[in-house]
Amino acid sequence: MFKNLIVYRIASEWQCDLTQLEEALARTPFLECGATQERSTGWVPPRGDAHGLLAESLAGQWILRFMAEAKVVPGSVVARRVKEKAERIEKETGRKPGKKESRELKDEALLDLLPMAFTKQGSMWVWIDQAARTLVLDTGSQARADEVVTLLTEALPGFALALVHTHTSPQAAMAHWLASQEPPAGFSVDRECELKAADEAKAVVRYARHPLDIEEVQAHIAAGKLPTKLALTWDERVSFMLTEGLQIKKLAFLDTVFEDKAADDGGFDTDVAIATGELARLLPDLLEALGGEAQPGVAAPASMPAVAPVPASVSGSVTGPAAAPVDTDPDNAPF
């Protein structure tokens with residue numbers, strides 16, 4: 001059900017019941033793109049039933065589903081249509097279109113092509129845990145997360161959010177775990193990571209399906225390379241990739257999670273129960289492994305165990321992430 005996670009803390013002042021949430025979501029249902037509409041977003045029933053509820057509640061966990069549709073018009077096709085229009089104008093008037101007119105021609109070309117364009121759709125699971133005061137989005141793209149957050153904050157009065165912060169940055173913690181070869185309690189380090197140099201060279205070393213408890217990895221960290229991704233397993237139940245921006249990617253539930261499930265168990269209710277049940281335990285353990293949750297700029301409490309030495313570039317007072325990670329390719333980022 002969930003493959004990637006971005007986690008937000010919901011302000012304690014926000015109060016809402018399921019009926020109010022349903023009414024708010026119903027104001028922005030998903031509708032397919034019109035003939036000349038480039039993109040459309042909105043809410044669809046999580047169960048997939050036509051005209052079903054837009055907000056489902058199972059064991060106190062609220063599940064929503066965000067849908068987006070976009071028309072796909074290759075830039076090369078638009079450019080060719082603009083060129084044809086410009087050549088026609090030059091032939092008829094004897095002049096070449098200026099910059100402003102060229103921009104208008106591009107808009108015209110796009111409108112001409114949109115009715116013939118293919119569409120692509122993507123959906124995102126949205127989980128609201130009222131007891132834990134968290135909003136969890138099933139996406140690896142901060143741009144897509146921002147889109148959903150904006151939609152929710154506009155629809156729900158008082159719905160204020162902040163990205164979860166920890167006293168120890170994920171990068172500093174991951175560097176310590178690899179350098180000391182001592183993962184936090186309840187976690188094990190798997191066979192994949194990415195290390196990046198902090199200098200101008202930005203050299204990158206990637207390990208895939210490779211043991212990480214080797215001197216070579218420790219040498220890279222001692223030389224100043226810092227982990228940007230690290231594969232972990234929690235409690236032999238859930239495997240995932242932790243990123244420097246405190247995102248969880250490549251989430252997978254292991255066989256031990258399903259040992260007590262009957263062979264014929266399945267469907268929406270079971271998927272939600274498994275996903276939310278496991279993640280509601282994993283997330284607090286992960287935050288604890290990162291020194292506990294903190295507000296941006298708040299120092300770690302004196303009673304918190306010290307983190308073992310890491311490279312100088314990550315030493316000192318660290319909280320993170322202080323801001324949303326930057327998307328390198330937001331338009332093509334998957335949900």
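One-based numbering along the sequence shown.
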Please determine whether a side-chain nitrogen of the Lys or Arg among [X] and [Y] lies less than 4.0 Å from a carboxylate oxygen of the Asp or Glu.
{"X": "Asp269", "Y": "Arg47", "result": "yes"}
{"X": "Glu192", "Y": "Lys229", "result": "no"}
{"X": "Arg81", "Y": "Asp112", "result": "yes"}
{"X": "Glu147", "Y": "Arg39", "result": "yes"}

Check whether any side-chain heavy atom of [X] lies under 4.5 Å from a side-chain heavy atom of [Y], and answer yes or no.
{"X": "Asp129", "Y": "Val136", "value": "no"}
{"X": "Met1", "Y": "Asp138", "value": "no"}
{"X": "Leu254", "Y": "Thr233", "value": "yes"}
{"X": "Val148", "Y": "Thr41", "value": "no"}
{"X": "Leu251", "Y": "Leu279", "value": "yes"}

[X], [atom1]: over 12 other non-hydrogen atoms inside 6.0 angstrom:
{"X": "Gln181", "atom1": "CD", "value": "yes"}
{"X": "Lys85", "atom1": "NZ", "value": "yes"}
{"X": "Asp199", "atom1": "CG", "value": "yes"}
{"X": "Glu38", "atom1": "CD", "value": "no"}

### Summary
Looking only at heavy atoms, the pair that brings Lys106 and Val82 closest together is CA-CG2, 3.5 Å
### Taking every non-hydrogen atom, the tightest pair across Lys71 and Cys33
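Between these two residues, the closest heavy atoms are CE-CB, 3.9 Å.
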### Message
Applying side chain to side chain donor-acceptor pair (under 3.5 Å), can you list everything that pairs with Arg206, at least two apart in sequence or on another chain?
### Response
Glu194
### Query
Could you state the interatomic distance from CG (Leu232) to OG (Ser239), rounded to the nearest 0.5 Å?
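OG of Ser239 is found 9.5 Å from CG of Leu232.
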### Between CD1 on residue Ile6 and CD1 on residue Ile248, distance to nearest 0.5 Å
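Rounded to the nearest 0.5 Å, the CD1-CD1 separation comes out at 10.5 Å.
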### Message
If you apply the rule side-chain contact (heavy atoms from CB on, under 4.5 Å), what do you find for Leu178 with Leu230, and how did you get there?
### Response
CA-CA 9 Å; Leu178 288 171; Leu230 179 63; 3.9 Å; yes
#### Entry: Aromatic contact, Trp14 with Phe159 (centres under 6.0 Å)
yes
### Message
Is the distance from the ring center of Phe66 to that of Trp43 below 6.0 Å?
### Response
yes
### Task
Could you verify whether a donor N or O on one side chain and an acceptor N or O on the other, from Arg237 and Thr256, lie under 3.5 Å apart?
no
### Query
Side chains of Thr139 and Asn4: donor-acceptor distance under 3.5 Å anywhere?
no
### Message
Determine whether a donor-acceptor pair (N or O, by modelled atom type, separation under 3.5 Å) exists between the side chain of Arg9 and the backbone of Ala132.
### Response
yes
Find out if a path of hydrophobic residues (ILVMFWY) with successive side-chain heavy-atom gaps under 4.5 Å connects [X] to [Y].
{"X": "Trp234", "Y": "Phe253", "answer": "yes"}
{"X": "Leu246", "Y": "Met241", "answer": "no"}
{"X": "Phe268", "Y": "Phe258", "answer": "yes"}
{"X": "Leu151", "Y": "Leu18", "answer": "yes"}

### Task
Mind running side chain to side chain donor-acceptor pair (under 3.5 Å) on Gln61 and Trp127 for me, showing each step along the way?
CA-CA 7 Å; Gln61 307 297 339; Trp127 167 30; 2.7 Å; yes
### Task
Begin with the C-alpha distance, continue with both residues' side-chain angles, and end with the deciding distance and a verdict on side-chain contact (heavy atoms from CB on, under 4.5 Å) for Leu64 and Leu21.
CA-CA 10 Å; Leu64 325 174; Leu21 178 61; 3.9 Å; yes
